[in-house]
Amino acid sequence: MNTFRKGVEDYIQMRCSLGYKLQYAKIGLLDFVAFLEERGAPHITIPLALQWAQHDPEARPAEWARRLSFVRGFARYWSAHDSKTEIPPWGLLPHRPGRARPYLYSDDEVQRLLQAAQQLPPADGLRGRTYHCLLGLLSVTGLRISEALNLQSEDVDLAEVQQVSSGAHSSLYPESTLRLCGPS
């Protein structure tokens with residue numbers, strides 16, 4: 001059984017020499033080896049890999065899939081040493097991370113947000129105007145918040161007042177659209 005442990009060490013060393021950072025995989029694979037040793041398993045099998053990957057019923061399916069991917073990589077490597085090694089196929093524990101659905105504000109909702117932003121305290125300060133400008137810029141340009149926050153004065157051509165660029169993102173907008181940040 002110590003051959004599994006040595007195999008994991010060799011596998012991790014080989015992958016790290018190729019530039020991979022496998023700190024979680026190493027911890028997981030050593031845990032998998034302990035799991036195999038507890039069961040006296042002479043070979044890596046798909047049922048054992050699945051049982052280990054899903055041993056925590058509180059874990060999310062994404063974690064199960066991640067754990068199984070550790071075993072899949074090692075099993076592929078280990079199959080050169082042991083012809084009875086079973087390699088878990090892709091899609092055995094399918095998981096696609098859920099992507100947040102964007103919410104598209106209506107024109108009326110945008111106007112209410114802009115009005116509410118102008119009411120932010122202090123009444124004589126810049127906070128309300130700053131948020132009014134930021135929310136307006138986001139709503140008319142489609143910039144991401146990080147892109148808008150990282151804009152520099154040189155990213156906006158004030159002579160033309162129609163091109164807004166942020167890194168690789170550059171768009172043209174009507175002059176009236178970009179005047180949104182002007183006096184209200």
Would you say the side-chain atoms of [X] pair up with the backbone N or O of [Y], donor to acceptor, closer than 3.5 Å?
X	Y	answer
R72	P89	yes
D31	I27	no
E86	I46	yes
E109	S106	yes

Y105-Q111 side chain donor-acceptor pair, cut-off 3.5 Å = no
Under 3.5 Å side-chain donor-acceptor pair for D56 and W64 = no
Taking all heavy atoms of [X] and all of [Y], pick out the closest pair and write down the distance.
X	Y	value
H43	L36	O-CD2, 4.5 Å
S79	I87	OG-CD1, 4.0 Å
L93	A53	CD1-CB, 4.1 Å
I12	A25	CD1-C, 4.4 Å

Hey, what do you get for [atom1] ([X]) to [atom2] ([Y]), rounding to the nearest 0.5 Å?
X	Y	atom1	atom2	value
H81	T3	NE2	OG1	10.0 Å
M14	Y20	CE	OH	9.5 Å
H132	Q115	NE2	CD	8.0 Å
S139	L104	OG	CG	12.0 Å
L137	L143	CG	CG	5.5 Å
R76	Y11	CZ	OH	7.0 Å

Are E147 and R144 ion-paired here, with the side-chain N under 4.0 Å from a carboxylate O?
-> yes
Salt-bridge contact R66-E63 (side-chain N to carboxylate O under 4.0 Å) | yes
Would you say that more than 12 heavy atoms from the other residues, nucleotides or ligands in this model lie under 6.0 Å from the [atom1] of [X], or not?
X	atom1	result
D108	CG	yes
I145	CD1	yes
Q13	CD	no
Y131	OH	no
R39	CZ	yes

F32 and R67: CA distance, side-chain angles, deciding distance, side chain to side chain contact (heavy atoms under 4.5 Å, CB included) verdict | CA-CA 9 Å; F32 178 62; R67 290 167 56 89; over 6 Å; no
Check: P121 and R127 side chains under 4.5 Å, non-hydrogen atoms | yes
Side-chain touch Q51/F35, heavy atoms, less than 4.5 angstrom = yes
Would R15 and Y77 satisfy side chain to side chain contact (heavy atoms under 4.5 Å, CB included), going step by step from the backbone distance to the final call?
-> CA-CA 10 Å; R15 297 282 291 180; Y77 167 84; over 6 Å; no
When hydrophobic residues are tied together by side-chain contacts of less than 4.5 Å, even through go-betweens, does [X] share a cluster with [Y]?
X	Y	value
W90	L92	no
F70	L50	no
Y24	L68	no
L48	L30	yes
W78	W52	yes

Passes side chain to side chain contact (heavy atoms under 4.5 Å, CB included), K84 versus I44? Steps please.
-> CA-CA 8 Å; K84 294 184 180 179; I44 297 173; over 6 Å; no
